[in-house]
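Working notes, structure below.
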Amino acid sequence: MPFDRSIKIAPSILSADFADFGREIRAIEDQGADWVHVDVMDGHFVPNLTFGPPAVKAFRRHVTTVMDVHLMIAPVDPYIDAYADAGADILTAHVEAGPHSHRTLQAIRAAGMKAGIALNPGTPAEAVAHLLDLADLVCVMTVNPGFGGQKFIDMTAKVRTLREMIGDREVHIEIDGGVDPGTAPMLAKAGADALVAGSAVFKGGSVDKPDVYGRNIKAIREAAEAA
Ligand code: DX5
Ligand code: ZN
């Protein structure tokens, strides 16, 4: 996966039809998704439960782009090999998930994946200052993780700080939560390059009306690129 600084749209399949993941993944990819964002929740780190390694491995068979797996679980380390085996390209853990994020990022890379570190809205940019040499992606949460469709929390100042801290390192800044054509421009301008969007991509569409996904993806991308 060569480093790509351009805007990438990563639809979150948390907003897809849970009984039809294969066709949903193929539909968003056909309609221009750059990455497929997979939200793993454990009902403990966050108050919601989604899917685990066997489901993620089944998704993999349908993903031809990049499978971007966002772990909202604690602990993380016992599951890293299972997500490598499931075929994650990027594996992101929360900095709040435990005391040893440094070790976690090393283990993710050692397992052959790109390593991401996510920050909740209440966590300052400085929490990842000593992790940037071990990270391929920093995910800035713009909602409190756990659910799709929540109200956007403005974290543009944090994004700007992180962009400065990252300097010329090859580290993506991903935004997750409440991204739509209205919020995308300020995020892109602040230095984000990967935009996760659940409701704003799936809204109004379905596997039988996939062109709606395409229009939604295009609207977010164009808004971000125009910033
Ligand atoms: C939230 C998840 C997000 C979520 C985004 O906990 O990590 O990826 O699906 O959904 P929207 O775009 O609807 O805020
Ligand atoms: Zn997510």
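Ligands are counted one by one from 1 in listed order, and the atoms in each one are counted from 1 as well. Positions are given from 1, in the same order as the sequence printed here.
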What atoms in ligand 1 come closer than 4.0 Å to a heavy atom of [X]?
{"X": "Gly148", "value": "10 (O), 13 (O)"}
{"X": "Ala197", "value": "12 (O)"}
{"X": "His37", "value": "8 (O)"}
{"X": "Met41", "value": "6 (O)"}
{"X": "His70", "value": "7 (O)"}
{"X": "Met72", "value": "6 (O), 7 (O)"}
{"X": "Gly177", "value": "14 (O)"}
{"X": "Gly146", "value": "1 (C), 6 (O)"}

Do [X] and ligand 1 have an N or O pair less than 3.5 Å apart?
{"X": "Asp39", "value": "yes"}
{"X": "Gln150", "value": "no"}
{"X": "Ala200", "value": "no"}
{"X": "Gly149", "value": "yes"}
{"X": "Val143", "value": "no"}
{"X": "Ser199", "value": "yes"}

Checklist outcome for this item: The single option from Ile153, Thr142, Val140 that satisfies side-chain contact (heavy atoms from CB on, under 4.5 Å) with Pro121 is Ile153
Item to check | Option among Val36, Val201, Ile25 that satisfies the side-chain contact (heavy atoms from CB on, under 4.5 Å) test with Pro11 | outcome: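 So, applying the side-chain contact (heavy atoms from CB on, under 4.5 Å) to Pro11 and each of Val36, Val201, Ile25, only Val201 qualifies.
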Checklist entry - In Å, rounded to the nearest 0.5 Å, how long is the span from CG of Leu49 to CD1 of Ile73? => result 11.5 Å
Checklist entry - Can you tell me how far the CD atom of Glu222 sits from the CD1 atom of Ile217, to the nearest 0.5 Å? => result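 Glu222 atom CD to Ile217 atom CD1 measures 12.0 Å (nearest 0.5 Å).
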Checklist entry - Relative to ligand 1, is Ser12 under 4.0 angstrom through side chain, backbone, both or neither, heavy atoms considered? => result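 It is the side chain that touches ligand 1; the backbone stays farther off.
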Checklist entry - Which word best sums up how the rings of Phe202 and Tyr213 line up, parallel for under 30°, tilted for 30 to 60°, or perpendicular for over 60°? => result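 Taking Tyr213 first and then Phe202, their aromatic rings stand perpendicular (interplane angle over 60°).
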Item to check | Parallel, tilted or perpendicular, as decided by the 30° and 60° cut-offs, for the rings of Phe51 and Phe59 | outcome: perpendicular
Answer yes when [X] and [Y] have at least one side-chain N-carboxylate O distance shorter than 4.0 Å, and no when they do not.
{"X": "Arg23", "Y": "Asp17", "answer": "no"}
{"X": "Lys218", "Y": "Asp211", "answer": "no"}
{"X": "Arg221", "Y": "Asp34", "answer": "yes"}
{"X": "Asp85", "Y": "Lys57", "answer": "yes"}

Closest non-hydrogen protein atom to [atom], residue and atom name please, with distance?
{"atom": "atom 3 (C) of ligand 1", "answer": "Asp176 OD1, 2.8 Å"}
{"atom": "atom 1 (C) of ligand 1", "answer": "Phe147 O, 3.5 Å"}
{"atom": "atom 14 (O) of ligand 1", "answer": "Gly178 N, 2.8 Å"}
{"atom": "atom 12 (O) of ligand 1", "answer": "Gly198 N, 2.8 Å"}

Item to check | Validation row, ring centre His102 to ring centre His130 under 6.0 Å | outcome: no
Item to check | Minimum-distance N/O/S atom that Asp39 presents toward the Zn ion (ligand 2) | outcome: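 Answer by atom name: OD1.
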Checklist entry - Name of the Asp176 N, O or S atom nearest the Zn ion (ligand 2)? => result OD2
Checklist outcome for this item: Taking the Zn ion (ligand 2) as the apex, His70 ND1 and His37 NE2 span an angle, rounded to 10°, of 100°
